[in-house]
Structures are given as structure tokens and as C-alpha cells.
**Student:** 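Here you go, one structure.
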Protein chains: 2
Amino acid sequence: MTDDLDVCLPHDIDQDKIRKWQDQMPDMDYVVSIFKVMADETRLSILWLLSVDEWCVHDLAAAVNSSVSNVSHHLRLLRTSRLVKSRREGQRVFYSLDDEHVIRLLDEAFKHSQHKKKLR
Amino acid sequence: MTDDLDVCLPHDIDQDKIRKWQDQMPDMDYVVSIFKVMADETRLSILWLLSVDEWCVHDLAAAVNSSVSNVSHHLRLLRTSRLVKSRREGQRVFYSLDDEHVIRLLDEAFKHSQHKKKLR
DNA sequence: GCAATAATTGAACAATTGATCAATAATAGT
DNA sequence: ACTATTATTGATCAATTGTTCAATTATTGC
């Protein structure tokens, strides 16, 4: 916790700086929630696969080496986060991306990753 | 778990698709770790503040409304993830970004956020 | 050496998360 | 109506995470 009782104590020169940038700080909530969703190997794999094609739950589970149940749980989170959408076709439910921005984030992140790899 | 014992059972048409994209899937580990680091309000705020200037721990703590101890813990994670670097100046330790890619990720994410806001 | 400021560290705890299992729902074919 | 396939859901449990507190380290000035 921050108590601003440190008036006239050492190191109060930067109060202006603190206030200035505190005021300009954007709302973190939404961005944090997006990063939370993407910060999981299974979900990130799903998103990557959905960025190249449409997939049914069964095949997604096979592709990410997990159970249908587990993948379904993850898909629900992705759906409520509005990152993917679904459509039913017979017994199967097909999922696809529902957010152009996510592709940009994925691209940026994997580009980043590639670059880091070279440095080692 | 996926047992590929479903040979010659319904819905085996897509085995090729599964294998094809499974093989092309990039390594998720590094990207997941970066998203994990960014998926926290305190750390994201710190990163955002560091993207505009250099900060000492004390001021960062004040700016994100947290304790010095807490911020120091977060900074350690950011440091070991190689996203920030530090330099000592007297009693104080100044932190700054150590990864150009992070700025791009931040920009992309907050741009995304801005756009979503308009839609509601 | 001592006191003051700044920062780091480790332990402890509550809260959140991801995976698994069993049960249920939805659809299609016989 | 019954069975098989696909998908969803809820409960449970282990593992991870974020915060707090107390103790420690590092640096400066007296």
C-alpha cells in the first residue's frame, strides 16, 4: 500500500512524474484478460490452429494431444472472451477465430519468439 | 489423452489435416512464458511505465499502488524473463525495458483494447 | 561504526488455475 | 426407441500464482 505521508522526506522530487504517468496509464483490465487467455499452452495451440483453419472439437483435441473434455473447457473460455465463435454441423461443432486482432497478437508474439531463438 | 487407436472408425478423414498442422505448429513454450509474464495487472502496469521512462523501484511501487516488496518480486520475474534490465545508482536501482519486441506487443494489445472499447 | 533509505529475499497463506472423471445433452442412423 | 458419436458441464483435486510480512543486504552520510 502506498501512503503519501512521505511529504518533505527524502526522494519526493518525482511526485510529479508519478502523478503524470499514473494519470496517463491506460486501463489494464481488458488487456490483462486477453493475455491471461493466451498464457496457456493448450489455449495458445488452439488459437494457432484456428488461425489456419476451422476445427471441430474432436480434431482439435487430437491435434493438441489433450482430451475432448479439456479442450471443450478451454474453448468455452475462448468463446466467452469473444476470441472464437462456433457453429454446429450435425453432431459436430466447428470453431473458428472471431477476432482479427488476435491474429496480429499471435503473429507479433511468434515473430518475437523466432527472433529470440536466433540469439541463443 | 489421445489414443490413435480409432483407425477405420468414423471421422478418420481428417487424420491428414491433424498430422499436417501438428507438424507445422511452432514451439509454444517461449510465447506462453511471455504471455504469462504479461498476464498480470501489476506487471503489465510496470511494463507500460517502463515503456515511457526509466524508473526506480520506490517510484514504480508508488505509481502502481503497490508495496516495494511486491514490485521487487515482480521485477525479478521480469528480469529473469529478460524483459527488463536494471542498473544501480547509489541506493537506488533503476529499471528499464530490455526488449524492443515487448513494446510492439504492448502497442498491439492496447490498440486491440481501444478498438474493443468502441464496440460496446 | 551507526542510522537511514532503498531494494531484495524467503516463508507463509489465500486465491486462482488447469486437468480429470463421471454425468448429461445433442444429433444422426438404424 | 435404441445406440453410437460428439460435445458440454459440474465437481474435485493438485499445482501454481500473487501478496504480505519479517528479515536481510547494499549504499550513503554522519
Side-chain angles (χ1 to χ4, degrees), chain A residues 1-3 5-14 18 28 32-33 35-46 54-81 84-96, chain B residues 1-3 5-14 18 28 32-33 35-46 54-81 84-96:
Chain A
M1 308 302 149
T2 316
D3 34 270
L5 304 170
D6 6 334
V7 193
C8 293
L9 280 172
H11 185 234
D12 56 346
I13 321 111
D14 291 336
I18 293 170
M28 299 288 159
V32 166
S33 73
F35 281 138
K36 277 214 166 84
V37 168
M38 301 181 87
D40 174 86
E41 182 171 8
T42 306
R43 285 195 297 273
L44 195 63
S45 302
I46 291 173
E54 187 185 53
W55 292 78
C56 71
V57 182
H58 181 273
D59 288 354
L60 269 181
V64 303
N65 293 309
S66 187
S67 68
V68 168
S69 168
N70 190 215
V71 168
S72 183
H73 278 299
H74 285 301
L75 284 169
R76 186 171 49 131
L77 178 59
L78 291 168
R79 208 165 357 95
T80 58
S81 306
V84 308
K85 60 176 185 283
S86 62
R87 70 177 178 84
R88 183 174 273 279
E89 189 181 309
Q91 294 142 309
R92 296 199 259 172
V93 175
F94 285 90
Y95 280 83
S96 56
Chain B
M1 311 297 151
T2 316
D3 33 89
L5 305 168
D6 7 330
V7 193
C8 292
L9 281 172
H11 185 236
D12 55 348
I13 322 110
D14 291 336
I18 292 169
M28 299 288 160
V32 166
S33 74
F35 281 138
K36 276 214 167 82
V37 168
M38 301 180 88
D40 174 87
E41 183 171 6
T42 306
R43 284 193 298 271
L44 195 64
S45 301
I46 291 173
E54 186 184 52
W55 292 78
C56 71
V57 181
H58 181 274
D59 287 354
L60 269 181
V64 303
N65 292 311
S66 186
S67 68
V68 167
S69 168
N70 190 216
V71 168
S72 182
H73 278 300
H74 285 301
L75 284 170
R76 185 170 50 130
L77 178 60
L78 291 168
R79 210 166 353 96
T80 58
S81 307
V84 308
K85 60 178 187 283
S86 61
R87 70 178 179 84
R88 184 175 273 280
E89 189 180 308
Q91 294 143 308
R92 295 200 260 171
V93 175
F94 285 90
Y95 281 83
S96 57

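None of the values given here were measured: they were computed from a predicted structure. All chains are named by letter (A, B, ...) in the order of the sequence lines, taking the proteins before the strands, and each is independently numbered beginning at 1.
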**Student:** Nearest whole Å is fine: how far is dT6(D) C1' from Tyr95(A) OH?
**Tutor:**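 That distance rounds to 11 Å.
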**Student:** Calculate the interatomic distance between Leu60(A) atom CG and dT8(D) atom P; express it in whole Å.
**Tutor:**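 Rounded to whole Å, this separation is 10 Å.
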**Student:** Rounded to the nearest angstrom, tell me the gap between atom CG in Leu78(B) and atom P in dG18(D).
**Tutor:**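 For the pair Leu78(B) CG and dG18(D) P, the rounded distance is 11 Å.
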**Student:** Among residues at least two apart in sequence or on other chains, which ones pass side chain to side chain contact (heavy atoms under 4.5 Å, CB included) with Ser33(A)?
**Tutor:**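 Ser33(A) satisfies side chain to side chain contact (heavy atoms under 4.5 Å, CB included) with Tyr30(A) once adjacent residues are dropped.
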**Student:** Output the single nucleotide from dA22(D), dA7(C), dT8(D) whose closest atom is nearest the side chain of Ser69(B).
**Tutor:**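 Out of dA22(D), dA7(C), dT8(D), the nucleotide with an atom closest to Ser69(B)'s side chain is dA22(D).
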**Student:** Could you tell me whether Phe94(A) contacts a base, only the sugar-phosphate backbone, or nothing, with contacts defined as non-hydrogen atoms closer than 4.0 Å?
**Tutor:**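 Here Phe94(A) touches no strand at all.
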**Student:** Gln91(A): which residues meet the side chain to side chain donor-acceptor pair (under 3.5 Å) condition with it, sequence neighbours left out?
**Tutor:**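 Listed in chain order: nothing, the list is empty.
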**Student:** Rounded to whole angstroms, how far apart are NE2 on His58(B) and P on dT27(D)?
**Tutor:**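 That distance rounds to 19 Å.
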**Student:** In whole Å, what is the span from the CG atom of Asp59(B) to the C1' atom of dA7(C)?
**Tutor:**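 That distance rounds to 13 Å.
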**Student:** For Arg79(A), which residues count as a side chain to side chain donor-acceptor pair (under 3.5 Å) partner, sequence neighbours excluded?
**Tutor:**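 Checked Arg79(A) against side chain to side chain donor-acceptor pair (under 3.5 Å); matches are Tyr95(A).
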**Student:** Between the protein and nucleotides 11-18 of chain C, which nitrogen or oxygen pairs come in under 3.5 angstrom?
**Tutor:**
unit_1, atom_1, unit_2, atom_2, d
dG18(C), OP1, Arg43(A), NH2, 2.8
dG18(C), OP2, Arg43(A), NH1, 3.4

**Student:** Is there a donor-acceptor pair closer than 3.5 Å between any side-chain N or O of Ser72(B) and the backbone N or O of Val68(B)?
**Tutor:**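 It does not hold such a pair.
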**Student:** Out of dA7(C), dC21(D), dT6(D), which nucleotide sits closest to the side chain of Val93(B)?
**Tutor:**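 Selected nucleotide: dA7(C).
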**Student:** Mind checking what makes side chain to side chain contact (heavy atoms under 4.5 Å, CB included) contact with Ser69(B), not counting sequence neighbours?
**Tutor:**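 Ser69(B) satisfies side chain to side chain contact (heavy atoms under 4.5 Å, CB included) with Ser67(B), His73(B) only.
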**Student:** Within the structure shown, what part of the strands sits under 4.0 Å from Val57(B) by heavy-atom distance: base, sugar-phosphate, or nothing?
**Tutor:**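 Contact class for Val57(B): sugar-phosphate only.
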**Student:** Only pairs under 3.5 Å count here: list side-chain donor-acceptor contacts from residues 35-46 of chain A, not counting sequence neighbours, and write none if there are none.
**Tutor:**
unit_1, atom_1, unit_2, atom_2, d
Asp40(A), OD2, Thr42(A), N, 3.0
Asp40(A), OD2, Arg43(A), N, 3.0
Arg43(A), NE, Val37(A), O, 2.7
Arg43(A), NH1, His74(A), ND1, 3.1
Arg43(A), NH2, Lys36(A), O, 3.3
Ser45(A), OG, Glu41(A), O, 2.8

**Student:** Show your working on side-chain contact (heavy atoms from CB on, under 4.5 Å) between Trp55(A) and Ile18(B) and close with a plain yes or no.
**Tutor:** CA-CA 10 Å; Trp55(A) 292 78; Ile18(B) 292 169; 3.9 Å; yes
**Student:** For Asn65(A) and dA19(C), give me the distance from atom CG to atom P, rounded to whole Å.
**Tutor:**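 So the two atoms are 12 Å apart, to the nearest Å.
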**Student:** Map Gln91(B) and Gly90(A) onto DNA chain C by nearest heavy atom, then report which one ends up closer to the 5' terminus.
**Tutor:**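 Result of the comparison: Gln91(B).
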**Student:** Starting at atom CG of Leu75(B), determine the distance to atom P of dG18(D), rounded to an integer number of angstrom.
**Tutor:**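 In whole Å, dG18(D) P and Leu75(B) CG are 14 Å from each other.
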**Student:** Give the rounded distance in Å between these two atoms: CD of Glu89(A) and P of dA26(C).
**Tutor:**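 So the two atoms are 19 Å apart, to the nearest Å.
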